[in-house]
2 protein chains.
Amino acid sequence: MSSFDKLTHHFQSISNLQHAYSMLSWDNASVMPSGGAEARSNAIAELSTLIHQKMTSPALEELFSEVEANDTINSASVREMKRQWSQATVLPEDLVRAKSIAGTKCEHAWRTQRGDNDWAGFEKNWAEVVKLSQEEAQIRAQAKNTSPYDAMLDLYEPGTTSESLELVFNDVKSWLPLLIDQVIEKQAFELVTLPQGHYPREKQKALGLDVMKLLQFDFEHGRLDESVHPFCGGVPSDVRITTRYDESEFIQSLMGIVHETGHARYEQGLPKSLAGLPAGEARSMGIHESQSLFFEMQIGRSNPFIAHLARLAEQHFGSSNSQQFSQDNFQKLYTRVKKDFIRVDADELTYPAHVILRYEIERDLINGKIKYTDVPELWNQKMQQYMGLSTEGNFKNGCMQDIHWTDGAFGYFPSYTLGAMYAAQFMAAMRKNIDVDSVIVSGDLTPIFSWLSDNIWSKGSLLTTDELVKQATGETLNPAHFKDHLRNRYL
Amino acid sequence: MSSFDKLTHHFQSISNLQHAYSMLSWDNASVMPSGGAEARSNAIAELSTLIHQKMTSPALEELFSEVEANDTINSASVREMKRQWSQATVLPEDLVRAKSIAGTKCEHAWRTQRGDNDWAGFEKNWAEVVKLSQEEAQIRAQAKNTSPYDAMLDLYEPGTTSESLELVFNDVKSWLPLLIDQVIEKQAFELVTLPQGHYPREKQKALGLDVMKLLQFDFEHGRLDESVHPFCGGVPSDVRITTRYDESEFIQSLMGIVHETGHARYEQGLPKSLAGLPAGEARSMGIHESQSLFFEMQIGRSNPFIAHLARLAEQHFGSSNSQQFSQDNFQKLYTRVKKDFIRVDADELTYPAHVILRYEIERDLINGKIKYTDVPELWNQKMQQYMGLSTEGNFKNGCMQDIHWTDGAFGYFPSYTLGAMYAAQFMAAMRKNIDVDSVIVSGDLTPIFSWLSDNIWSKGSLLTTDELVKQATGETLNPAHFKDHLRNRYL
């Protein structure tokens, strides 16, 4: 067996364990009865340890040094294996374990502390998470010769740096606040009605499945289930998306399904020839989010798609008050802009402000320029500046609202807005060759998905993000497309 | 860490991987979309290999030789660890792999060959399965100084031998054929109506859940789902039972749920202090089956329980023809005796004949007294002798009907009838202290379950089967209780 074949075999074996890990995690969140939790967390911990052991196996270093990659596929394959391996091996095991314990403890306590607005309690646990995350970032930074925060960013967005991020985020900051104000003024006197009534789970599910069919979700290779926090999990050949139903309101859950279907189709469309190998995985968190946001924002909130949603909703729920189910009302509902506190509930237009605020704080925190005790006040200042809202003393709707920082996932937030920008750029490129609106009106969205498949999904991680975006759109990330998209939709 | 603690730690780590294996198998059979099969089978194979490697780890031999078991729990714990370890280590890895490949191939082809009545095709694959199973049995026999078949039997029924089996089976053979004929004659002119109509899945599921509640299934530690072949899987803290629904008929699925609930409550009732350790597992296949059959035959088909079933069925389905839902009709339906070809559809009375026939054939096959080519004719002879039915040329309803032999699970069949006998014996012992019928009539079956918990479930594998049965009932296996039970119910 050649060194390359040995590497392939080794990573496929890791992928088999990750399969088990993913499926147990899905089960955990969607169907497991509460009494199964303890044994499940032992099983998941066992799998994590085995995956980490295999990922840091001493045999790999020699194999990497031996391997001669001769063709394009192989060299990308080796590059991506090496990336995962070096990310795993660079950290001392003690630090990995300490961060995992501190993160689990902090996150667990946060689940009640947030509701209690208990910053003082949270801070006690969080101090350790921040300290260990800073240590992690410094070790990674030394190995990669970057700033600590850039080393964390690289975990989620390989190739992206603070420098490149600031170029695009500063651009956004130069026009977004004014745009938000203009749109809010424009929408001030719009009449919009949230359909309220009783919408049984089973009917909402049937509606969701119809929308997934329209979006060509492959039901031979995936399922729709329920969980408290919607997510996309599983493995590429068996993608598990979830939603949650509120029987008094279906609008949010429905668009949530569109979003998760975007994640799912990316996974389902990854190259089968590289199944189980790092080069066959999704390119980055930002590219993953670009697909969910392409589905949610570029397709899902477009006029012709909203017409489909309104028609399907009326089919499933009928209505004595059909005005609520009109395309015009759905349109207004799905494009309503409001300055508010909570990121996960934010509209398309204010969302980037939430992300940029988090980015600026976590960057300075990980680079050691601010202390964790400074975070609430900085949050308040930036919320006032970007949104005109005060979070003074309001920790639960301020810096304690997200799960990401509780277990030290610093560097993740920028992916959301990068995803929104990539999605807009992909749509702009697609429109050069495809009459997207007519395709959506027709109800057969195949040309759209073929473009995504050819340009994004089938590429896995064979290309770098810059190469991928340039091959698909003719240029690397250009935030002008995002700006154009927002102005066209909202002004 | 003491040697005993090291052993404990090692086996708990195996148990964590078995947790993943069990849950992936449940998922496979109940919710996985078809396109997920290939990646799933890779993941399951990876886990099997890891489990086998850990179970045969060279470190164990030394730990076993070092360990000094000082108290009762520990010595049982070590005994059971050693049993699993020696069963796994005695076979050369090549044989394990060869049998697994031959078994998978034979079973897979059988799935279509059976329907085609294709003995010639089946025989080609099965020859290899039989040959490798004989090799396995011989190696195990040498290690245990028994006959080859007894060594296989020991995998499922530790402590049981052909000699002890024949004592009880010969007893059954001396009275069963006459009893069957008497009962069939008695039932010849009974009027019985199978409720036929449309029974929607959702309603059948609600009925099943009500019956599970009556049987005190712990829904904090388990679920009911659907699969093509009903089974009980998962882990003790999260037991997954399945059923299948036929919307034109609910009688079979309903009793299937009672049966699987018996398996489930045994698992849920295993000692929590020994979770993840061999001594905390179910005692044997026969004892496992004794619990499902206690639920199905001893409780489930008793007059007072059938009254509950009839009442609940009427509640869920109503009926214009309430005669179909009468206790009397349900009673007759659930105790109908018929000589027929298929074991899995057999009634309580003819079932042992199906098992004894298989036992006699597989014993001689594994001991090398007959050849695999002799099986169809022997099957035909014994079916004529025990049931008065010919299976000449009818392979699909004869020797090709069961899955067990296709992948070499020789030695398993006796567990079914041992289970039925143990169940009758447990009931006879229970009746000495508990007025079982009144308890069932009351609808609160707690005293019955407390007896089972105290005497069976909470013992795990701390005792040998003989010790367990003797402590619970005052004697080791005595088939007279089974005979009495059948005569009381059917004559």
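- Checked for salt-bridge contact, B:Lys205 and B:Asp225 miss the test: no charged N lies under 4.0 Å from a carboxylate O.
- In summary, A:Arg240 and B:Asp27 engage in a salt bridge, as defined by a charged side-chain N under 4.0 Å from a carboxylate O.
- A salt bridge is defined here as a Lys NZ or Arg NE, NH1 or NH2 lying under 4.0 Å from an Asp or Glu carboxylate O, and B:Glu38 with A:Lys272 fails to meet this definition.
- The local environment of NZ in B:Lys105 is sparse, with at most 12 non-hydrogen atoms from other residues, nucleotides or ligands closer than 6.0 Å.
- Remark: B:Tyr245 OH is packed, more than 12 non-hydrogen atoms of other residues, nucleotides or ligands lying under 6.0 Å away.
- Ranked by heavy-atom pairs under 4.5 Å with chain B, the first of A:Ala20, A:Ser34, A:Ser15, A:Gly276 is A:Ser34.
- Interface check for chain A: of the options B:Gln12, B:Gln18, B:His19, B:Met32, the most heavy-atom pairs under 4.5 Å are formed by B:His19.
- For the atom pair CG (A:Leu462) and CG (A:Leu277), the distance works out to 10.5 Å, reported to the nearest 0.5 Å.
- Only the backbone of A:Phe219 comes within less than 4.5 Å of a heavy atom in chain B; its side chain stays farther off.
- For A:Val31, the parts sitting under 4.5 Å from any heavy atom of chain B are the backbone and the side chain alike.
- Using cut-offs of 30° and 60° for the angle between ring planes, the A:His288 and A:Tyr266 rings count as perpendicular.
- Residue-environment remark: CD (B:Glu247) exceeds the threshold of 12 foreign heavy atoms within 6.0 Å.
- Residues of residues 39-53 of chain A that come within less than 4.5 angstrom of chain B, heavy atom to heavy atom, are A:Ala39, A:Arg40, A:Asn42, A:Ala43, A:Glu46, A:Leu47, A:Leu50 in numerical order.
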